[in-house]
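Below, chain A is the first sequence line, B the second, and so on; all start at residue 1.
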There are 4 protein chains.
Amino acid sequence: MSAVASAVRPRPVTAHRTPGRPRCDVTHKAVLDAAFALLAEDGIGRFTIERVAARSGVARSTIYRWWPSKGALAMEGFLAAVAPEIAVPPSGSAARDLREQVKRFARLLRGTVGRIIRGIIAEGQSDPETVAAFMDGFVTPRRAEGSAILQRGIASGELRADLELDLVLAGLYAPLYVWMLLNESLDDEKVERLTRSVLAGCLAPSAEAASD
Amino acid sequence: MSAVASAVRPRPVTAHRTPGRPRCDVTHKAVLDAAFALLAEDGIGRFTIERVAARSGVARSTIYRWWPSKGALAMEGFLAAVAPEIAVPPSGSAARDLREQVKRFARLLRGTVGRIIRGIIAEGQSDPETVAAFMDGFVTPRRAEGSAILQRGIASGELRADLELDLVLAGLYAPLYVWMLLNESLDDEKVERLTRSVLAGCLAPSAEAASD
Amino acid sequence: MSAVASAVRPRPVTAHRTPGRPRCDVTHKAVLDAAFALLAEDGIGRFTIERVAARSGVARSTIYRWWPSKGALAMEGFLAAVAPEIAVPPSGSAARDLREQVKRFARLLRGTVGRIIRGIIAEGQSDPETVAAFMDGFVTPRRAEGSAILQRGIASGELRADLELDLVLAGLYAPLYVWMLLNESLDDEKVERLTRSVLAGCLAPSAEAASD
Amino acid sequence: MSAVASAVRPRPVTAHRTPGRPRCDVTHKAVLDAAFALLAEDGIGRFTIERVAARSGVARSTIYRWWPSKGALAMEGFLAAVAPEIAVPPSGSAARDLREQVKRFARLLRGTVGRIIRGIIAEGQSDPETVAAFMDGFVTPRRAEGSAILQRGIASGELRADLELDLVLAGLYAPLYVWMLLNESLDDEKVERLTRSVLAGCLAPSAEAASD
DNA sequence: CTTTAATCGAGACGGTACGTCTGGTCTTGTT
DNA sequence: AACAAGACCAGACGTACCGTCTCGATTAAAG
């Protein structure tokens with residue numbers, strides 16, 4: 001189970017509440033907001049629990065009670081703010097959907113969210129829990145979305161049936177991560193070239209002519 | 001100019017040496033060795049200048065004199081130990097060479113070197129100098145090697161002439177970086193599948209039958 | 001009014017009991033036992049309300065409800081366990097009684113009880129309530145016992161009639177407290193010398209020859 | 001060796017200095033001053049290393065480098081400020097000198113110094129080093145002074161030759177400590193009565209008539 | 001029987017201070 | 001100069017307690 005999940009500790013709706021004073025949601029929210037803001041403003045380098053506490057007005061000890069590590073806190077703050085932001089409106093064409101999705105993703109990485117993701121990945125290199133939380137909370141859902149698009153394309157005959165979905169998605173997304181991490185440009189033109197190049201190998205023979 | 005290059009401060013070749021006691025090479029070497037060892041043993045999380053000083057027997061202030069940041073030190077320690085290790089013996093087939101090169105690279109990432117690279121990338125997320133040094137010292141040379149192989153393949157007619165080299169290399173290497181950073185497996189079988197998949201789109205039409 | 005007295009809140013003997021759930025005596029006892037045990041085992045330094053709560057199995061808030069301060073709790077735990085322990089069997093001779101009483105007291109201070117008294121006095125230096133409680137609960141009764149012996153001696157003609165009782169008792173007991181607090185030895189021989197020395201100045205001239 | 005002595009670490013006057021940056025005396029002094037001031041103002045209860053650091057403007061880590069415990073710091077701050085303050089001008093009469101010395105001592109205990117001593121003794125109950133330092137730095141010198149007076153009195157024939165010096169001094173001083181620690185009054189009249197009472201048993205028979 | 005008022009356990013929360021660790025800077029004497 | 005040694009400031013770390021608080025569950029007398 002990832003750190004985030006354990007931190008959230010979803011209240012059982014079932015029957016009797018746990019004893020003791022209930023957790024204060026306002027506090028919880030304030031911490032996550034502050035975490036997100038700090039991450040967005042200064043990056044992981046200046047992200048400290050002390051500053052989150054100061055900014056959120058929540059006691060340091062309270063933060064330590066609920067988050068096991070800096071990474072977990074960063075991760076949860078990130079998710080709380082970003083999670084709903086990435087939705088994919090399905091059109092008729094899988095190729096077009098993918099292109100759109102990748103373009104959006106690149107735009108995300110170029111902005112504030114990218115800065116935060118960089119921090120989380122960095123933090124994760126010395127804390128596996130953080131990576132796990134990032135996988136569960138962000139990477140896997142994103143992959144599921146991509147996978148869904150690909151499968152629709154295969155079902156409709158637009159894409160080849162023998163695609164290895166994980167590899168196609170890796171080919172589309174991994175370069176974006178790496179470019180971001182290595183401070184290389186992520187401009188639309190480059191991303192567009194990448195998408196086209198990967199998609200070229202994915203189209204079903206019959207549909208190949210119509211690709212662009 | 002990257003951090004490493006500035007740290008090295010190459011002695012002027014001009015006749016008259018600078019006044020004062022000359023820099024002690026033994027010390028310099030000891031620091032890099034200790035840096036590498038610590039990085040390899042405990043990862044970036046426990047890599048501190050204090051520990052490098054203690055381990056190398058070099059005074060902390062001496063380290064601060066020569067390296068501008070933790071990342072630069074890690075990077076240089078890494079390069080000093082790893083640089084010569086990656087050579088590519090060219091065979092007749094570009095496809096075979098690439099496959100070999102990628103496999104070696106994956107093996108590298110799975111081991112000690114991978115652990116260190118993770119640390120450097122992590123450190124780089126809050127220190128652009130470190131990323132720049134990593135690019136100059138490691139990524140660019142690796143890309144040059146890959147590029148050379150691809151160009152040989154194109155010249156020999158084995159690979160398509162319209163390949164976008166940067167994208168092909170990104171498709172081959174970026175997933176490896178990402179899998180490593182996200183603690184996903186890098187096993188040979190998976191890497192082999194990746195290589196095959198990318199290469200499939202690179203072969204010249206005439207050579208396609210002979211691919212595997 | 002001392003802290004202890006206010007903490008005990010003696011139930012009114014008056015007919016109508018207060019409404020609501022009555023106080024649980026088991027709990028009360030458990031707290032005092034735990035307080036005594038902790039004080040005896042680890043001294044004042046590690047005596048915390050948290051630990052008393054943990055050890056006694058009583059909720060922290062319950063302890064805070066009934067005891068106004070750490071010192072008050074320590075004091076009451078001490079009294080509950082120690083109070084009955086010091087009884088003085090009167091013999092014919094006041095001198096002999098005093099000697100015995102002082103010897104017992106020294107023995108007390110050398111042991112567990114001494115350790116606890118040290119803690120209470122220490123705690124009292126930043127909490128006057130604690131000192132007051134210690135005076136009321138321990139010092140004054142002890143002085144009363146000593147005073148009684150002295151007065152018997154005076155009445156019987158064994159001791160001089162012009163004795164200043166408070167000073168004699170101070171001369172007998174204060175050194176014991178100080179030796180304990182300053183980690184000096186409290187061995188029987190030393191205590192014996194002290195008693196003899198003080199008593200020497202107290203005997204009535206007629207009885208002086210029979211003193212020892 | 002006591003904590004104080006080890007904290008002071010007197011520089012060896014011998015030959016070669018130790019390497020490295022020498023200790024900053026200003027800093028050292030500032031800490032002791034702040035320690036004394038805090039102790040005098042708020043007592044041991046609010047005496048924390050954090051506040052000493054804040055008040056003195058010295059980094060907390062520097063304080064931790066030089067003083068092993070709160071008690072040691074308090075003790076040294078106390079000694080630095082108080083040590084020279086207690087001198088006894090010898091007159092012709094031992095009895096008069098003692099009376100004067102005791103009176104002065106009581107006055108000391110009633111004031112700021114007394115407050116600090118209370119704190120040190122309290123702290124010492126959970127830290128033997130502190131008590132040891134207090135013994136070495138304060139109690140023993142005071143006893144030596146008292147002893148000297150008594151010995152002069154014996155030599156001059158004013159006092160009995162068979163006095164047990166340690167017990168006499170205990171009889172004179174211990175009550176003062178205890179009265180202070182237990183918040184009992186230390187007024188001059190009471191102290192005067194104490195002195196007279198103890199001295200009464202000390203005078204040589206020949207001199208007894210002249211005592212008061 | 002219900003109220004009603006109290007006790008009690010559980011635990012969240014804001015705080016303060018702890019003692020440690022690291023990062024950087026600086027000031028020495030030695031080489 | 002370079003270097004070792006180490007003092008110093010700054011500040012974050014994670015932990016331990018403090019004292020207050022909000023709950024629900026319990027318990028008995030009073031209505």
Side-chain angles (χ1 to χ4, degrees), chain A residues 16-28 46-54 56-66 68-70, chain B residues 17-28 46-54 57-66 68-70, chain C residues 16-28 46-54 57-66 68-70, chain D residues 16-28 46-54 57-66 68-70:
Chain A
H16 305 300
R17 294 220 305 79
T18 103
R21 176 173 171 175
R23 182 169 182 182
C24 171
D25 275 332
V26 177
T27 287
H28 191 233
R46 302 193 51 206
F47 181 83
T48 65
I49 293 193
E50 300 245 354
R51 290 186 71 210
V52 174
S56 64
V58 168
R60 224 149 45 83
S61 51
T62 300
I63 298 180
Y64 280 112
R65 188 196 314 277
W66 295 108
S69 70
K70 216 165 77 167
Chain B
R17 295 219 303 85
T18 97
R21 175 174 171 178
R23 180 169 182 185
C24 172
D25 274 334
V26 177
T27 288
H28 191 235
R46 302 193 52 205
F47 181 82
T48 66
I49 294 195
E50 300 248 353
R51 297 221 308 155
V52 174
V58 169
R60 230 147 40 88
S61 52
T62 301
I63 298 180
Y64 280 112
R65 188 197 313 277
W66 296 107
S69 72
K70 214 165 79 167
Chain C
H16 303 301
R17 297 225 298 86
T18 101
R21 175 174 172 175
R23 181 169 182 182
C24 171
D25 276 333
V26 178
T27 287
H28 191 236
R46 302 193 52 206
F47 181 81
T48 66
I49 294 195
E50 299 248 353
R51 297 222 308 156
V52 174
V58 169
R60 227 147 43 83
S61 51
T62 301
I63 298 180
Y64 280 112
R65 187 198 314 277
W66 296 108
S69 71
K70 216 165 78 166
Chain D
H16 305 300
R17 293 220 305 79
T18 102
R21 175 174 172 176
R23 182 169 182 180
C24 172
D25 274 333
V26 176
T27 287
H28 190 234
R46 302 193 52 205
F47 181 82
T48 66
I49 292 194
E50 300 245 355
R51 290 185 71 208
V52 174
V58 169
R60 228 148 42 84
S61 52
T62 300
I63 297 180
Y64 279 112
R65 187 198 313 280
W66 296 109
S69 70
K70 216 165 78 167

Quickly work out the [X] [atom1] to [N] [atom2] distance and round it to whole Å.
| X | N | atom1 | atom2 | result |
| --- | --- | --- | --- | --- |
| B/E50 | F/dA5 | CD | C1' | 13 Å |
| D/R51 | E/dC18 | CZ | C1' | 15 Å |
| C/I49 | F/dA16 | CD1 | C1' | 14 Å |
| B/R65 | E/dT25 | CZ | P | 13 Å |
| C/H28 | E/dT7 | NE2 | P | 12 Å |
| D/I63 | F/dA10 | CD1 | P | 12 Å |

Exercise. Atom CD1 in A/I49, atom CZ in A/R60: separation rounded to 0.5 Å?
Worked result: 8.5 Å
Exercise. Just how large is the angle between the end axes of the helix from E/dC1-F/dG31 to E/dT31-F/dA1, five pairs per end, to 10 degrees?
Worked result: 0°
For this session: Kindly give the heavy-atom pair with the smallest separation between D/W66 and D/R23, and that separation in Å.
Result: CE3-NH1, 3.1 Å
Extract from the structure each pairing of a protein N or O with an N or O of nucleotides 20-24 of chain F at less than 3.5 Å, listing the distance.
unit_1: F/dC21; atom_1: O2; unit_2: A/R21; atom_2: NH1; d: 3.2

Exercise. Of C/T62 and A/T27, whose nearest nucleotide on DNA chain E comes first from the 5' end?
Worked result: C/T62
Exercise. Starting at the 5' end of DNA chain E, which residue's closest nucleotide do you reach first, C/G57 or B/F47?
Worked result: C/G57
Exercise. Among E/dC18, F/dC13, F/dA2, which nucleotide sits nearest the side chain of B/W66?
Worked result: F/dA2
Problem set entry | Out of E/dT22, F/dA5, F/dC18, whichever nucleotide has its closest atom nearest the side chain of C/K70 | F/dC18
For this session: List in chain and number order the residues that pass side-chain contact (heavy atoms from CB on, under 4.5 Å) with D/R46, two or more places apart in sequence or in another chain; answer none if no residue qualifies.
Result: D/D42, D/R51
Problem set entry | Residues that D/S61 engages under side-chain contact (heavy atoms from CB on, under 4.5 Å), provided they are two or more places apart | D/A59
